[in-house]
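Here is the structure we will look at.
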Amino acid sequence: MNQNYDFKNIEARWQKEWIENKLFEVNEEQSKKKFYCLEMFPYPSGRIHMGHVRNYAIGDVISRYKRMQGLSVLHPMGWDAFGLPAENAAIKHGVHPAKWTYENIDYMKAQLINLGLSYDWRREVTTCSPEYYRWNQWIFLKLYEKGLAYRKASFVNWCPSCATVLANEQVIDGACWRCESQVEQKELEQWFLKITAYAEELLRDCDSLTGWPEKVLTMQRNWIGKSEGVEVDFPIDGMKEALRIYTTRPDTIFGVTFMCISPEHPIAERLCEDKEALRRIRQLQREPEVKEGVFTGKYAINPLNGERVPIWIANFVLMEYGTGAIMSVPAHDQRDFEFATRYGIPIKVVIKPERIELSEPLKEAYEEEGVMVNSGSFSGLPSSEGKKAVANYIEQKGMGKKTVNYRLRDWGISRQRYWGTPIPIIYCDKCGIVPVPEKDLPVILPDNVNLTGKGESPLKYVDDFFKTKCPRCGADARRETDTMDTFIDSSWYFVRYCSLHEEEALHREKIKYWMPVDQYIGGIEHAVLHLLYARFFTKVLRDLGIVPFDEPFERLLTQGMVCMESYRCPQHEWLFPKEVKEGKCIHCGSPITVGRVEKMSKSKKNIVDPDEMIEQYGTDTVRVFTLFAAPPEKDLEWSSQGVEGAHRFLKRVYALVYKHHEWLKNTSIGEAETRYLGRLCSLGMTEKSHSEARSAEESPILSLIHRTIKRVTLDIEKEYQFNTAIARLMEFVNEVYGYEPKTDEERIIFKFAIRNFLILLSPFAPNIADELWNAIGYHGFILNQPWPQYDEELAREQMIELVVQINGKVRSKIMISQGMSDEEIVKIALEDEKVKQWIIGKEILKVIPVKGKLVNIVVKG
RNA sequence: GCGAGAGUGGCGGAAAGGCAGACGCGCUGGACUUAGAAUCCAGUGGGGAGACCCGUGAGGGUUCAAAUCCCUCCUCUCGCACCA
């Protein structure tokens with residue numbers, strides 16, 4: 001055994017051993033309970049970053065822990081390999097997206113292996129391989145068969161910089177989520193998936209996801225955005241047709257003073273004489289600041305009171321939601337209020353608050369509930385009852401119907417991009433839209449393309465792809481040249497991991513064994529998009545008979561971001577941490593300004609490269625630091641001194657074992673004790689005398705290791721509190737660091753303690769753990785060991801501090817032995833000299849003992 | 001604006017309603033060393049000579065006892081934001 005902690009050799013050796021011995025390979029074992037631990041797979045951007053390291057370290061601890069608990073653990077990894085950056089690299093550097101992607105994968109895979117992560121690499125999934133994406137195409141065809149994939153022309157978000165269409169979710173504050181360019185509107189024929197068909201179920205099943213953070217469920221519920229209301233037809237004066245609106249506040253219908261329709265509403269052109277104004281309003285559609293409108297010159301009739309109200313076209317009315325037309329009640333809707341104020345439209349109060357009086361004219365809309373007034377026969381009803389009453393009346397009279405609306409829109413999946421899954425559709429002049437027959441899958445993405453990064457899909461110009469024959473009539477036909485949104489790839493990859501080979505992809509038995517994922521771990525940024533789509537696909541696959549579950553992810557852990565302060569030089573802009581020495585820029589010597597602690601990002605250069613850290617300290621140190629610095633779900637502040645602290649801890653562990661390793665190696669402890677050195681299986685059970693067995697029980701080291709096992713186990717079980725679990729391990733090391741066992745018995749106990757300590761350490765720092773495991777005379781891998789058991793009795797400390805409070809303030813602390821009754825501790829407390837001084841001459845009103853460890857004495861005077 | 005979460009030493013963070021500050025970083029002192037680094041040992045919330053007093057964003061409340069439960073307010077972070 002080397003005297004120094006040579007982490008480089010240790011880590012290289014054990015990582016090689018693990019792979020050579022197929023330690024991480026796992027197959028279905030029907031006799032064992034399974035556990036599926038999954039981390040969100042990365043986009044192969046080139047290098048692993050600290051966010052990945054944290055994500056995968058968390059998953060690795062859970063996987064290793066569960067495996068030692070005796071479960072059959074599936075822990076796979078793969079690559080979300082389609083996407084824009086590969087194409088951007090191709091355009092910029094002339095390298096083919098496939099080459100770029102596969103080279104990145106090779107590099108990053110080596111990095112992951114270097115982190116000591118326990119993946120079964122036989123199951124590796126790469127979404128850009130035909131073996132994978134053929135099933136994207138297969139699922140698409142099934143959706144098409146069921147009418148859940150359809151084509152329609154619509155206005156779409158167009159990013160002029162990326163030259164592609166964006167999903168609603170990819171638009172943030174009117175800008176592209178990737179490059180932040182201003183998004184424009186463009187009309188295109190698009191493929192959509194009918195996720196709205198599952199809106200109700202996706203919403204309802206949120207209630208069953210008890211292992212998910214409430215925050216994520218709230219975001220999903222809001223995203224689905226269910227609302228219940230009524231559609232009502234307002235006849236248009238002088239026209240045959242009626243204007244259909246949607247409202248959730250039928251109780252305010254008597255307060256309608258005008259109507260608004262979206263500028264994209266089909267009737268807008270016919271209603272509005274001023275075409276120039278209509279065009280202007282259309283331009284202002286995504287401007288949230290100003291409410292602009294134009295009066296059409298036409299009037300609608302309120303079906304409830306016969307009032308004639310003007311119809312306006314307004315920029316703030318969305319065509320995609322409800323019916324694209326609204327009834328406007330300025331007294332009780334803030335948006336209508338602003339619009340009415342701006343254009344001098346009357347405001348009519350029809351809801352009165354219960355207690356306060358509304359002072360008219362209103363300063364703002366009153367949107368709360370109240371009592372209906374000025375509402376004909378409905379006057380006097382509270383709003384909640386009024387909503388039902390008016391809705392029922394409208395239905396009875398055939399003026400409209402109760403309706404449920406969702407904010408959720410169908411999922412537009414067409415992308416005018418090369419590096420994605422081809423949509424398996426053929427267009428024939430005679431037969432129209434023809435799906436590619438299943439037997440012809442996969443539709444292979446051709447290699448020989450010319451990438452320009454401009455608007456249309458480059459596949460249009462690849463003749464042997466684009467030009468094809470109609471599978472139905474054999475005539476010349478054209479292929480669909482759009483590719484699929486890459487969110488498709490990540491919507492079902494967790495199912496693909498269940499089977500090893502392509503011929504058994506979507507293998508029902510294997511899926512049934514492994515699915516659902518027991519623990520999913522990833523960033524909060526996927527709270528809505530990826531996680532909602534994955535839930536949607538799971539329900540689709542269920543309806544296709546492939547998965548026997550409603551939900552893919554049993555428990556979800558959203559880990560916090562990895563953050564660091566940023567540095568800025570007045571001359572050299574943002575600086576990497578290593579470009580700063582003693583608060584000065586190493587290039588020009590100017591004093592730097594320190595920015596706030598925020599998410600590591602390339603643009604601010606507040607990043608630390610995992611490779612450099614591993615080179616300097618080793619992967620075990622990096623793992624221990626990231627797990628120790630903060631609980632998993634909270635943000636983690638990177639600290640180079642903190643990393644050194646973690647490294648120091650591992651050096652102490654190494655030094656501790658090194659100091660004793662010679663005799664530890666030569667000391668063997670019985671098989672029974674190896675499993676469980678506790679009261680029932682103490683030394684007394686072997687050939688030792690009863691008195692010696694008792695002394696073992698009272699050994700502080702034996703008690704310490706049982707206590708450590710207990711606390712580490714509970715910390716992991718209780719919401720994965722790895723930071724406190726590691727703190728327990730540090731306490732153990734601190735306590736035994738200077739300890740020297742003297743008797744044979746003490747040596748056996750010490751070996752038992754070290755042995756179990758190494759097992760407890762192994763999920764966090766697996767390399768050093770296996771190294772030391774072998775150094776003290778064991779063979780093989782800790783991962784194959786069972787997780788140690790603890791004994792409640794022994795885990796309890798023998799002596800505890802009795803805290804005595806007087807009127808709630810701590811006045812004395814007395815060492816007593818553990819397990820005393822409340823009567824006993826009260827007696828001890830009252831006899832304590834310090835306590836006596838405080839209560840002398842005072843009346844004792846009450847004495848409250850707490851669980852044998854605290855006494856509060858309440859006195860008067 | 002709406003919704004969610006969070007405010008604890010110099011810092012990261014601990015505390016089933018029961019000793020606030022575990023563990024780590026930093027700092028201070030000591031040991032080792034020619035010296036430094038590394039390592040080891042001890043100390044480290046604030047005030048006070050001391051007995052003690054004060055301390056978990058602010059202010060109230062419940063309780064024998066509150067960082068923890070309730071009310072009001074402040075600050076910060078995140079998400080949503082014309083969804084009728």
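First the proteins, then the strands, lettered A, B, ... as listed; each starts at 1. The figures here come from the full heavy-atom set of this structure, side chains too, leaving out hydrogens, waters and symmetry mates.
- Put simply, A:Arg711 has no side-chain N or O that comes within less than 4.0 Å of OP1 or OP2 on B:rA14.
- To the nearest angstrom, P of B:rG13 lies 17 Å from CZ of A:Arg728.
- Only the C1' atoms considered, B:rU28 is 45 Å distant from B:rG79, to the nearest whole Å.
- As rounded to the nearest Å, B:rG9 and B:rG45 have C1' atoms that lie 5 Å from one another.
- Checking A:Asn222 against A:Val858, the closest nucleotide of RNA chain B that is more toward the 5' end is the one next to A:Asn222.
- Put simply, A:Asn723 has no side-chain N or O that comes within less than 4.0 Å of OP1 or OP2 on B:rC23.
- Remark on RNA chain B: of its neighbouring residues A:Gly322 and A:Ile524, the 5'-side contact belongs to A:Ile524, judged by nearest-heavy-atom nucleotide.
- Taking the C1' atoms as reference points, B:rU8 lies 30 Å from B:rC41, given to the whole Å.
- Residue A:Val803 is in base contact, counting any heavy-atom pair closer than 4.0 Å across all strands shown.
- Counting any heavy atom pair closer than 4.0 Å across all strands shown, A:Glu801 reaches a base atom.
- A salt bridge links A:Glu740 and A:Lys659; the closest N-O separation between the charged side-chain nitrogens and carboxylate oxygens is under 4.0 Å.
- When each of B:rC82, B:rA14, B:rA84 is scored by its nearest atom to the side-chain atoms of A:Pro631, the top-ranked nucleotide is B:rA14.
- As rounded to the nearest Å, B:rA81 and B:rC2 have C1' atoms that lie 8 Å from one another.
- Of the listed nucleotides (B:rC40, B:rC19, B:rA14), B:rC40 has the atom at the smallest distance from the side chain of A:Tyr737.
- No donor-acceptor pair closer than 3.5 Å links the side chain of A:Glu292 to the backbone N or O of A:Ile281.
- Contact annotation: side chain of A:Lys853 to base of B:rC19, donor-acceptor pair absent below 3.5 Å.
- Note on A:Arg221: nothing from the nucleic acid sits closer than 4.0 angstrom, heavy atoms only.
- A distance of about 14 Å separates the P atoms of B:rG21 and B:rU56, rounded to the whole Å.
- A:Thr252 places no side-chain N or O within donor-acceptor distance of the main-chain N or O of A:Gly255, the cut-off being under 3.5 Å.
- Not one side-chain nitrogen or oxygen of A:Asn856 sits closer than 4.0 Å to the OP1 or OP2 atom of B:rU63.
- The salt bridge (Lys or Arg N to Asp or Glu O under 4.0 Å) check on A:Arg54 picks up nothing, with sequence neighbours excluded.
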Exercise. Pairing of RNA chain B as dot-bracket, 5' to 3': ( ) intra-strand, [ ] crossing, | other strand, . unpaired, with Watson-Crick or G-U pairs under 3.5 Å?
Worked result: (((((((..(((.....[....)))((((((.......))))))(((....)))..(((((..]....))))))))))))....
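- Nearest to the side-chain atoms of A:Trp223 among the listed nucleotides B:rC80, B:rC41, B:rA84 stands B:rC80.
- The phosphate of B:rC54 has OP1 or OP2 within less than 4.0 Å of a side-chain N or O from A:Lys809.
- Counting only heavy atoms from C-beta on, A:Ile326 has its side chain closest to B:rA84 among B:rA84, B:rG3, B:rC80.
- Proximity of A:Ser227 to the phosphate of B:rA84: a side-chain N or O atom is located under 4.0 Å from OP1 or OP2.
- Distance, A:Phe316 CZ to B:rG1 C1': 16 Å, rounded to whole Å.
- A ring-centre distance under 6.0 Å is not found for A:Phe258 and A:Tyr343.
- Minimum interatomic distance between A:Val712 and A:Arg728 (heavy atoms only, all atoms of both residues): CG2-CB, 3.9 Å.
- Taking atom P in both B:rC23 and B:rA42, the straight-line distance is 12 Å, to the nearest Å.
- A:Tyr720 and A:Glu633 form no side-chain donor-acceptor contact under 3.5 Å, judged by distance and modelled atom types alone.
- Looking at heavy-atom distances under 4.0 Å, A:Val847 makes no contact with the nucleic acid at all.
- Shown here is A:Lys599, whose NZ atom has no more than 12 heavy atoms of other residues, nucleotides or ligands within 6.0 Å.
- Outside the 6.0 Å centre-distance limit, the rings of A:Phe628 and A:Phe649 are not counted as a close aromatic pair.
- Contacts of A:Asn734 with the nucleic acid, taken as non-hydrogen atoms under 4.0 Å apart, involve only primed sugar atoms and P, OP1 or OP2.
- For B:rA81, one of the phosphate oxygens OP1 or OP2 lies less than 4.0 angstrom from a side-chain nitrogen or oxygen of A:Arg407.
- A straight line from CE of A:Met564 to C1' of B:rG12 spans 15 Å, rounded to a whole angstrom.
- Here the side chain of A:Leu318 is nearest to one of B:rC78, B:rA84, B:rC23, namely B:rA84.
- The shortest distance between the side-chain N/O atoms of A:Arg811 and the OP1/OP2 oxygens of B:rA51 is not below 4.0 Å.
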For this session: Begin from the C-alpha positions of A:Tyr5 and A:Thr621 and carry the test side chain to side chain donor-acceptor pair (under 3.5 Å) through to its verdict.
Result: CA-CA 12 Å; A:Tyr5 172 35; A:Thr621 294; 4.6 Å; no
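- Here A:Glu364 lies out of heavy-atom contact (under 4.0 Å) with every strand.
- Side-chain atoms of A:Lys813 come within donor-acceptor range of the base of B:rC19, with a qualifying N/O pair under 3.5 Å.
- Residue A:Arg648 places at least one side-chain N or O under 4.0 Å from the OP1 or OP2 atom of B:rU39.
- With both ends at atom C1', the span from B:rG61 to B:rG50 equals 36 Å, rounded to whole Å.
- If you check every strand for non-hydrogen atoms under 4.0 Å, A:Thr247 touches sugar and phosphate atoms only.
- A:Asp635 comes within 4.0 angstrom of sugar-phosphate atoms only, judged by non-hydrogen atoms across all strands, and of no base.
- Closest approach to the A:Lys651 side chain among B:rG13, B:rU39, B:rA84 is made by B:rU39 (side chain taken as heavy atoms from C-beta onward).
- Heavy atoms of A:Gln805 sit under 4.0 angstrom from at least one base atom.
- Base engagement by A:Val850 is indicated by at least one non-hydrogen atom pair under 4.0 Å involving a base atom.
- The same atom, C1', is picked in B:rG12 and in B:rG3; the two are 29 Å apart, to the nearest Å.
- Classified by its glycosidic torsion, B:rG9 falls in the syn category, the angle being within 90° of 0.
- Checked by atom type, the side-chain pair A:Asn222/A:Arg407 shows no donor-acceptor distance below 3.5 Å.
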